[in-house]
Amino acid sequence: MRTDTGQVIRLADYQPTDFVLERVDLTFELDPTETKVEARLIFHRREGTDPAAPLVLDGDSLALQGLLIDQIELDAERYTATPDRLEVRGLPAAEPFEICVTTIINPEANTQLMGLYRTNGIYCTQCEAEGFRRITYFPDRPDVLALYTVNIIADKQANPLLLSNGNFLGGAGFGPDKHFAAWFDPHPKPSYLFALVAGDLGVVEDTFTTMTGREVALKIYVEHGKEPRAAYAMDALKRSMKWDEERFGREYDLDIFMIVAVSDFNMGAMENKGLNVFNDKYILADPETATDADYANIEAIIAHEYFHNWTGNRITCRDWFQLCLKEGLTVYRDHEFSADQRSRAVKRIAEVRHLRAEQFPEDAGPLAHPVRPTTYREINNFYTTTVYEKGSEVTRMISTILGPDLFKKGMDIYFDRHDGEATTVETFVKCFEDASGRDLGQFSLWYNQAGTPLVTASAEYDAARKTFSLSLEQMIPATPGQPNKSPAHIPLKFALILPNGGIAEPSKVTGATVTDDVLHLVKRKQKVVFSGISARPVLSLNRGFSAPVNLHFPMPVPDLIHIARHDTDLFARWQAITDIALSILTAAARDVRAGQPASCDPALIDTLYAIASDDTLEPAFRAQALLLPTESDIARELGADNDPDAIHAARVAVIAAIASHDPARFVSLYEAMETSGAFSPDAASAGKRALRNCALTYLAHAEASPQRVAAAFAGANNMTELAHALSLLVHAYPDADETRQALETFKDRFQDNALVIDKWFSIQATAPGDAALSRVKALKADPLFNAGNPNRVRSLIGSFAFGNPTGFNRKDGAGYDFLASEILAIDGKNPQLASRLLTSMRSWQSLEATRSAHARAALERIEAASGLSTDVRDIVERMLKA
Ligand code: B3K
Ligand code: ZN
């Protein structure tokens with residue numbers, strides 16, 4: 001394991017390499033514990049660089065076995081090899097040379113799951129960001145693009161499949177028991193996109209005919225017997241390929257596109273050129289075992305990795321500081337894809353919920369960093385929601401500012417101009433400036449300034465003058481290393497909604513540029529006056545969540561209800577309901593903390609009942625409206641000094657009050673949303689199930705007996721409803737016999753399906769209250785728990801730390817202590833998994849004093865441990881420093 005060297009990498013220090021890599025020829029002789037890797041690399045010295053400069057290659061835990069330059073063994077004094085670096089001196093000044101490096105690696109012992117490793121008998125690789133250097137010494141950085149040939153030799157019986165990037169060149173037998181295969185990738189690529197897979201897997205095959213009529217072979221490899229569960233992933237892949245052609249004009253560029261699903265994987269999936277490797281959680285689905293959320297995730301992640309073929313692979317990043325160039329843009333593309341495949345409004349609501357739940361806390365805490373950071377110690381710690389989701393929002397804002405046509409024109413320029421390059425955020429933005437003739441200089445601050453802007457608004461209507469005045473102010477909070485911020489360019493979509501529900505068309509606007517329905521806030525303070533407004537309007541601001549900001553715009557409840565009823569933007573309607581709910585929930589949390597009972601304003605009850613039974617609204621939207629803000633939403637709104645127990649109690653009380661008002665309404669909603677016939681994962685059916693589950697949640701809060709939920713569990717014919725019923729039993733009726741029985745039934749029925757058993761762990765780990773910790777400890781001792789499988793660790797430890805506000809944040813600090821011990825144990829085996837789990841404590845400073853003191857102590861215990869990985873040390877030090 002790489003332990004911390006304290007080295008800080010800076011964007012400002014970027015330098016191209018001294019040597020240009022032309023060709024890569026790799027030969028792998030696979031063996032579970034002693035794989036031989038021979039890397040033949042052809043380099044030439046870059047023009048204009050020091051003719052005496054040595055060639056320096058990256059390594060990580062490597063041992064050099066052989067080194068040849070132009071086939072001749074090198075004298076010992078001409079090179080220095082350490083586990084993390086190979087330096088070669090005295091190389092030719094101008095002409096190309098070939099260096100041949102041999103290393104022996106042990107895939108079986110690779111518990112970090114970076115580089116080449118073995119999972120369930122399958123060899124597979126994960127190289128992004130810096131895993132290739134665990135395979136061989138190499139200039140392991142994204143701006144080194146080369147053509148790769150890969151030869152794989154392995155035992156034939158154990159590894160009938162030998163896969164790598166690009167197109168298949170050929171294969172043959174190799175000695176009595178072995179065979180080999182050769183692959184050539186005609187597209188220059190950086191090492192992080194290299195992939196190799198070998199083993200014995202089942203396959204699902206299909207074809208796709210591209211827009212120019214080329215036939216592409218599609219193959220999804222899964223464990224034998226699981227092939228039928230890959231059908232939905234294949235369908236999503238074909239839809240993604242078609243959509244990228246239609247929407248962005250992007251065609252696939254190899255003869256074959258392969259996906260391999262593995263069960264031990266550190267993240268969701270990886271976009272290796274022509275050979276994506278996926279966490280099987282994001283491939284395998286069938287009605288009996290996958291929820292609607294699983295189906296939606298599979299669709300989105302298949303699309304995301306496929307879209308990387310252009311945004312990431314054909315055009316890649318110059319350095320890792322530019323990560324948002326591929327990730328933010330590709331998330332934007334997958335969001336648009338899902339919006340087109342499903343309900344755009346519901347998708348947008350889900351995106352914003354996710355952004356607020358994950359990215360806003362990151363941006364408000366000690367781990368805040370710009371979308372494009374300027375320093376890092378461990379790049380793996382920067383695959384964050386800020387880089388991904390805020391990065392996507394920044395792309396979306398470019399589209400909002402320019403409008404769809406100029407945005408498309410800018411994207412076309414980007415694809416034409418930078419194809420085959422490793423480039424930067426600046427060149428990306430320049431494409432849109434060139435497309436539109438606009439100056440995006442101020443806009444670019446979004447890439448460089450961390451922190452969620454706070455926009456404060458107040459408005460006044462002058463009936464005599466028929467003017468509507470709006471005062472706007474923006475403030476971007478200080479974040480680590482960035483005490484002072486400049487005003488950002490904030491594009492705010494808006495509508496002035498008249499009493500009759502129509503939208504006012506002002507005769508004149510002063511004080512801000514308005515393009516179509518977008519108001520451009522560019523100064524710290526702006527006063528905007530709309531003239532010719534015939535009646536007092538209600539302002540709907542930041543419609544569609546056009547800018548990722550916190551908006552403070554105090555509005556009377558009747559105005560919010562007016563938006564909730566009349567806005568033509570469904571997102572804004574949802575937001576208005578959420579605003580009403582959030583003010584009631586925060587007030588309730590304060591009351592509970594002060595020892596008072598929580599209460600619920602009848603206005604919210606009326607609004608929710610009206611929405612629930614409004615058949616003109618799609619069920620998925622109604623479900624989103626009825627799903628009240630989460631406990632972490634309430635905590636965020638309360639800001640500092642928050643008490644998770646009070647928040648939980650208040651939320652439960654408000655939901656119970658809403659449900660008890662007229663439970664029969666929820667019963668009929670529950671019954672009306674029953675889906676009949678064969679299961680279909682389509683968005684409309686999923687929406688009905690979401691609303692049905694939502695109705696059941698309300699009923700579970702109103703009814704003391706678990707009978708109804710137990711019946712729902714017994715009668716469920718799909719995993720969405722089954723898992724939800726189980727979750728309600730465990731969370732709302734923890735001590736009931738029905739709950740114990742349901743847990744047993746579920747475990748017995750699905751014990752052979754790891755992905756479903758993950759749900760069984762996760763549901764129990766998120767059940768609220770002080771009892772959670774002992775439950776989690778007991779579950780850790782369950783024979784089904786497997787500390788070596790990242791999905792299982794995340795389903796138990798991750799669900800507890802990220803998804804159980806009361807259980808994890810116990811007032812005695814035992815939750816933090818438990819997590820600290822787990823982190824230290826996991827760090828020795830899998831640092832990426834450990835550091836990701838540790839980010840669950842990113843908001844520790846906003847807890848009330850007793851809890852935050854315990855949290856600090858746990859963090860200090862981690863910090864004091866010896867032999868920490870760079871990953872964990874970086875996170876823990878940033879968390880304690882701010
Ligand atoms: N690019 C990968 C993530 C790699 C993470 C490395 N720690 C998956 C994705 O974003 O598509
Ligand atoms: Zn990505």
Side-chain angles (χ1 to χ4, degrees), residues 2 60 110 112-115 117 124-134 140-142 165 189-195 236-237 240 244 259-262 264-279 281-283 297-317 319-338 354 358-359 371 373 376-392 395 422 790 794 830-839 869-872 874-875:
R2 238 189 321 173
D60 178 359
N110 185 348
Q112 291 188 32
L113 314 185
M114 282 296 277
Y117 64 98
C124 92
T125 53
Q126 171 56 36
C127 293
E128 186 177 4
E130 296 178 336
F132 195 78
R133 62 185 65 183
R134 292 168 54 78
D140 190 16
R141 40 188 278 176
N165 318 87
K189 67 166 174 291
S191 50
Y192 83 85
L193 291 173
F194 165 80
L237 173 61
S240 306
D244 213 16
I259 295 176
V260 177
V262 298
D264 294 317
F265 206 61
N266 276 343
M267 57 242 167
M270 178 62 211
E271 70 265 23
N272 317 300
K273 183 79 186 189
L275 178 54
N276 288 187
V277 177
F278 268 62
N279 186 327
K281 177 177 163 69
Y282 298 115
I283 294 289
N297 281 333
I298 289 170
E299 180 181 79
I301 296 177
I302 288 270
H304 180 96
E305 306 310 332
Y306 174 72
F307 297 157
H308 266 314
N309 190 53
W310 274 93
T311 49
N313 301 5
R314 293 283 292 241
I315 308 182
T316 193
C317 302
D319 51 69
W320 290 122
F321 297 102
Q322 320 295 332
L323 188 56
C324 68
L325 180 69
K326 74 176 178 84
E327 295 304 347
L329 175 56
T330 305
V331 171
Y332 171 73
R333 278 154 50 69
D334 86 56
H335 282 178
E336 283 297 293
F337 168 74
S338 295
H354 177 66
E358 303 298 331
Q359 199 277 326
V371 169
Y376 63 78
R377 274 163 75 184
E378 173 51 65
I379 189 56
N380 283 321
N381 286 338
F382 284 84
Y383 287 75
T384 59
T385 51
T386 296
V387 169
Y388 277 64
E389 273 76 21
K390 190 175 178 182
S392 164
T395 311
R794 282 186 285 256
N830 188 336
Q832 271 186 62
L833 181 61
S835 76
R836 184 52 69 114
L837 288 173
L838 182 54
T839 64
S869 65
T870 317
D871 310 58
V872 167
D874 170 47
I875 296 284

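Counting starts at 1 for both ligands and their atoms, in listed order. Starting from 1, each residue takes its place in the sequence as its number.
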Which atoms of ligand 1 have any heavy atom of [X] under 4.0 Å away?
| X | result |
| --- | --- |
| Glu271 | 1 (N), 2 (C), 8 (C), 9 (C), 11 (O) |
| Met270 | 1 (N), 2 (C) |
| His308 | 9 (C), 10 (O), 11 (O) |
| Lys326 | 1 (N) |
| Asn380 | 6 (C), 7 (N) |
| Gln832 | 7 (N) |

> Thinking salt bridges, do Glu271 and Lys326 make one under a 4.0 Å N-O criterion?
Replying inline: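 Salt bridge between Glu271 and Lys326, a charged N being under 4.0 Å from a carboxylate O: yes.
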> Taking the N/O/S atoms of Glu327 one by one, which is nearest to the Zn ion (ligand 2)?
Replying inline: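 Closest N, O or S atom of Glu327 to the Zn ion (ligand 2): OE1.
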> Between CG of Leu833 and CD of Gln112, what distance do you get to the nearest 0.5 Å?
Replying inline: 11.5 Å
> Going from OG1 on Thr311 to NE2 on His304, what distance comes out if it is rounded to the nearest 0.5 angstrom?
Replying inline: 7.5 Å
>> Students often mix this up, so state it plainly: with edges at 30° and 60°, are the rings of Tyr192 and Trp320 parallel, tilted or perpendicular?
In response: perpendicular
>> Here's a test for you: under side chain to side chain donor-acceptor pair (under 3.5 Å), which of Asn380, Asp871, Asn381 qualifies with Ser835?
In response: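 Result: among Asn380, Asp871, Asn381, Asn381 is the only option passing the side chain to side chain donor-acceptor pair (under 3.5 Å) with Ser835.
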>> Quick check: Tyr383 and ligand 1, any N/O pair under 3.5 Å apart?
In response: no
> Backbone or side chain, does any N or O of Gln126 fall under 3.5 Å from an N or O of ligand 1?
Replying inline: no
> Would you find a donor on one side and an acceptor on the other, under 3.5 Å apart, between the side chain of Arg333 and the backbone of Phe307?
Replying inline: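 The answer is yes, because a donor-acceptor pair under 3.5 Å joins these two groups.
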>> In the structure I gave you, are the side-chain heavy atoms of His308 and Glu327 within less than 4.5 Å of one another anywhere?
In response: yes
>> I need the nearest protein heavy-atom contact for atom 8 (C) of ligand 1: residue, atom name and distance, please.
In response: Ala269 O, 2.9 Å
